[in-house]
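Right, one structure below, let's go through it.
Since this is a predicted model, take the numbers as computed values, not measurements.
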Amino acid sequence: MADEEDVSALMRGERDLYARDFRNADLTAMSLSDRDFGKCSLQKADLSRADLSRSNFNRSNLFMVRAEGAILREAVCENVIFQNCNFSRSDCSGTRFFRSHFVDARFDGAILLGADFSECVFGDGISSFDGAIIDRSTIFDRATGSRAQARQSIFAYYEFERGEFKRREDEPNTLNGVETAPVLAAVLDTRKAFIEATRVAKPAIGEIAGIGHNYPPEPLSSEETANLKSVLGEVEISLRNRDLDKSTKLSVTISEYARQIGLWAAAKAEVFVNEFAKGLGKEASTLKFWIGLWLVLSGQLTHLANLINDLFKF
């Protein structure tokens, strides 16, 4: 268990927490930016939704840490073993993972723009980066791993040779005479919108004001949400591989989801908000925000599908 004195120091706002003991500590949703957690023991700690921006975790023990939705922008996580930990949907923009080891770690849906994985080791236990957001600023120079790990979409800008990741130098930037950069940027924006829409839970206000069965349903079923996540993970790869057939099918699927979400918002959600706004007060604002996230996603999906269609001149 965590050392009580160490936890007290954290709660007092102390920034120098070097080599402290926070095992099993519940740090959920806490503001912990600009702290020095170097060589700390955080085994089985819960950092979900915590703000850890610019904090230092050099050589810390993060075994079995939970950090879903945590913010680690520009944090330093060098020489760390990420084993059996969960950083799904975390924001790791600009985070330094230099020379860290990843074993059965989960970074599904994480934002990894500008993250540096130089000389990292992706071990035998395959770590999951399903739906993680990367671009050319995400670095894996001289990282090593297995061929199975290399098949994941986060390594789209790298070749895998003799167990090592090497940056591709000949990536074309046009297709059919059209610049691919705007399309790939749209893929990135759409995946961000998807993460934001699915990160926020449906407001729990169904029992207020006698709403009952009139409360608007989820825009997508759990199966549809999982499928859309998979489609957004595949579309970038299909574009880079110039796979016309697959890109065509993905474009059609993306358009269908955009239409479904848009119709949901127009036919149910907007009517609901207008009808119950006076009675719900702040709850109505929460509901409008939730609906707005899905409307943004619908717009991004439509924009992406249109760009793909233009790219291949359907």
Checklist entry - Which atoms form the tightest heavy-atom contact between Arg96 and Asp116, and what is the distance? => result NH1-OD2, 3.5 Å

Next on the checklist: Less than 4.5 Å apart, side chain to side chain, heavy atoms only: is that true for Glu164 and Asp141?
Outcome noted: no

Checklist entry - Between Ile81 and Phe63, is any pair of side-chain heavy atoms under 4.5 Å apart? => result no

Item to check | Tyr158 and Arg168, any side-chain heavy atoms less than 4.5 Å apart | outcome: no

Checklist outcome for this item: Heavy atoms of Leu72 and Thr95 approach each other most closely as O-OG1, 2.5 Å

Checklist entry - Atom CZ in Arg15, atom OG in Ser55: separation rounded to 0.5 Å? => result 8.0 Å

Checklist entry - Would you call the rings of Phe37 and Phe57 parallel, tilted or perpendicular if under 30° counts as parallel and over 60° as perpendicular? => result parallel

Checklist entry - Applying the 4.5 Å side-chain criterion to the ILVMFWY set and letting contacts propagate, would Phe98 and Val103 be lumped into a single cluster? => result no

Checklist entry - How long is the gap from CD on Glu74 to OG on Ser93, to the nearest 0.5 Å? => result 8.5 Å

Next on the checklist: Please determine whether residues Leu42 and Met30 belong to a single hydrophobic cluster, defined as Ile, Leu, Val, Met, Phe, Trp and Tyr linked transitively by side-chain heavy-atom distances below 4.5 Å.
Outcome noted: yes

Item to check | pair Leu304-Val187: side-chain heavy atoms closer than 4.5 Å | outcome: yes

Please report, to 0.1 Å, the donor-acceptor pairs under 3.5 Å made by any side chain of residues 3-10, with sequence neighbours excluded.
unit_1, atom_1, unit_2, atom_2, d
Asp3, OD1, Glu5, N, 2.9
Asp3, OD1, Asp6, N, 3.0
Asp6, OD1, Arg20, NH1, 2.9
Asp6, OD2, Asp21, N, 2.9
Ser8, OG, Glu4, O, 3.0

Checklist entry - Between Asp130 and Phe107, does a side-chain contact (heavy atoms from CB on, under 4.5 Å) hold up when you go through it step by step? => result CA-CA 7 Å; Asp130 184 27; Phe107 282 77; over 6 Å; no

Checklist entry - What's the verdict on salt bridge (charged side-chain N to carboxylate O under 4.0 Å, His left out) for Arg49 and Glu68, showing C-alpha distance, side-chain angles and the deciding distance? => result CA-CA 6 Å; Arg49 304 187 309 284; Glu68 298 100 315; over 6 Å; no

Checklist entry - Nearest 0.5 Å, what's the OG-CD distance between Ser153 and Glu234? => result 9.5 Å

Checklist entry - Which atom names give the shortest non-hydrogen contact between Cys40 and Ala19, and what distance separates them? => result SG-N, 3.8 Å

Item to check | Result of checking Phe87, Phe122, Phe155 against Phe129 for side chain to side chain contact (heavy atoms under 4.5 Å, CB included) | outcome: Phe122

Item to check | Verdict with supporting geometry, Glu78 and Arg99, salt bridge (charged side-chain N to carboxylate O under 4.0 Å, His left out) | outcome: CA-CA 6 Å; Glu78 298 181 356; Arg99 289 186 176 175; over 6 Å; no

Checklist entry - Are there more than 12 heavy atoms of other residues, nucleotides or ligands under 6.0 Å from atom NZ of Lys39? => result no

Item to check | Step-by-step side-chain contact (heavy atoms from CB on, under 4.5 Å) determination, Asp46 to Leu27 | outcome: CA-CA 6 Å; Asp46 192 344; Leu27 307 178; over 6 Å; no

Checklist entry - What do you reckon, is CZ of Arg12 surrounded by more than 12 foreign heavy atoms closer than 6.0 Å? => result yes

Next on the checklist: Do Ile71 and Leu293 sit in one hydrophobic cluster, given that two such residues count as connected whenever their side-chain heavy atoms are within less than 4.5 Å of each other, even indirectly?
Outcome noted: no

Checklist outcome for this item: dist Arg259:CZ -> Leu301:CG (nearest 0.5 Å) comes out at 14.0 Å

Checklist entry - What's the spacing between Ile254 CD1 and Leu228 CG if we round to 0.5 Å? => result 7.5 Å

Next on the checklist: Could you walk me through whether Asp51 and Ser31 satisfy the side chain to side chain donor-acceptor pair (under 3.5 Å) test, starting with their C-alpha distance in whole Å, then the side-chain angles of each, then the deciding distance to 0.1 Å, before giving a yes or no?
Outcome noted: CA-CA 5 Å; Asp51 184 357; Ser31 179; 4.7 Å; no

Checklist entry - Mind checking whether Phe140 and Leu188 sit in one hydrophobic cluster, side chains of I, L, V, M, F, W, Y counted as touching below 4.5 Å? => result no

Item to check | CZ/Arg142: more than 12 non-hydrogen atoms of other groups inside 6.0 Å | outcome: yes

Checklist entry - Would you say the side chain of Leu47 lies within less than 4.5 Å of the side chain of Thr28, judging by non-hydrogen atoms? => result no

Item to check | Test log, rule side-chain contact (heavy atoms from CB on, under 4.5 Å), inputs Lys229 and Phe194 | outcome: CA-CA 8 Å; Lys229 178 181 179 181; Phe194 175 82; 3.6 Å; yes

Next on the checklist: Between Phe165 and Thr144, is the side-chain contact (heavy atoms from CB on, under 4.5 Å) condition met? List the steps.
Outcome noted: CA-CA 6 Å; Phe165 293 97; Thr144 59; 5.9 Å; no

Checklist outcome for this item: Nearest heavy-atom contact between Ser251 and Asn309 is OG-OD1, 2.7 Å

Next on the checklist: So Phe97 and Val80, do their side chains get closer than 4.5 Å, heavy atoms only?
Outcome noted: no

Checklist outcome for this item: For Ile133 and Arg191, the nearest pair of non-hydrogen atoms, with its separation, is CD1-C, 3.7 Å

Checklist entry - Considering only heavy atoms from C-beta outward, does the side chain of Leu250 approach that of Leu232 to under 4.5 Å? => result no

Checklist outcome for this item: Nearest heavy-atom contact between Glu224 and Pro219 is OE1-O, 4.5 Å

Item to check | Within-4.5 Å side-chain heavy-atom neighbours: Phe82 and Asp104 | outcome: no

Next on the checklist: Go through it in stages, so that I can follow the logic: the residues are Lys166 and Glu161, the test is salt bridge (charged side-chain N to carboxylate O under 4.0 Å, His left out), and I'd like the CA-CA distance, side-chain angles, deciding distance and then a yes or no.
Outcome noted: CA-CA 7 Å; Lys166 297 182 179 180; Glu161 299 178 4; 3.6 Å; yes

Next on the checklist: For the CG atom of Leu220 and the CG atom of Asn227, what is their distance to the nearest 0.5 Å?
Outcome noted: 9.5 Å

Checklist entry - According to a 4.5 Å side-chain heavy-atom criterion applied to Ile, Leu, Val, Met, Phe, Trp and Tyr, with indirect links allowed, do Ile261 and Val235 form part of one hydrophobic cluster? => result yes

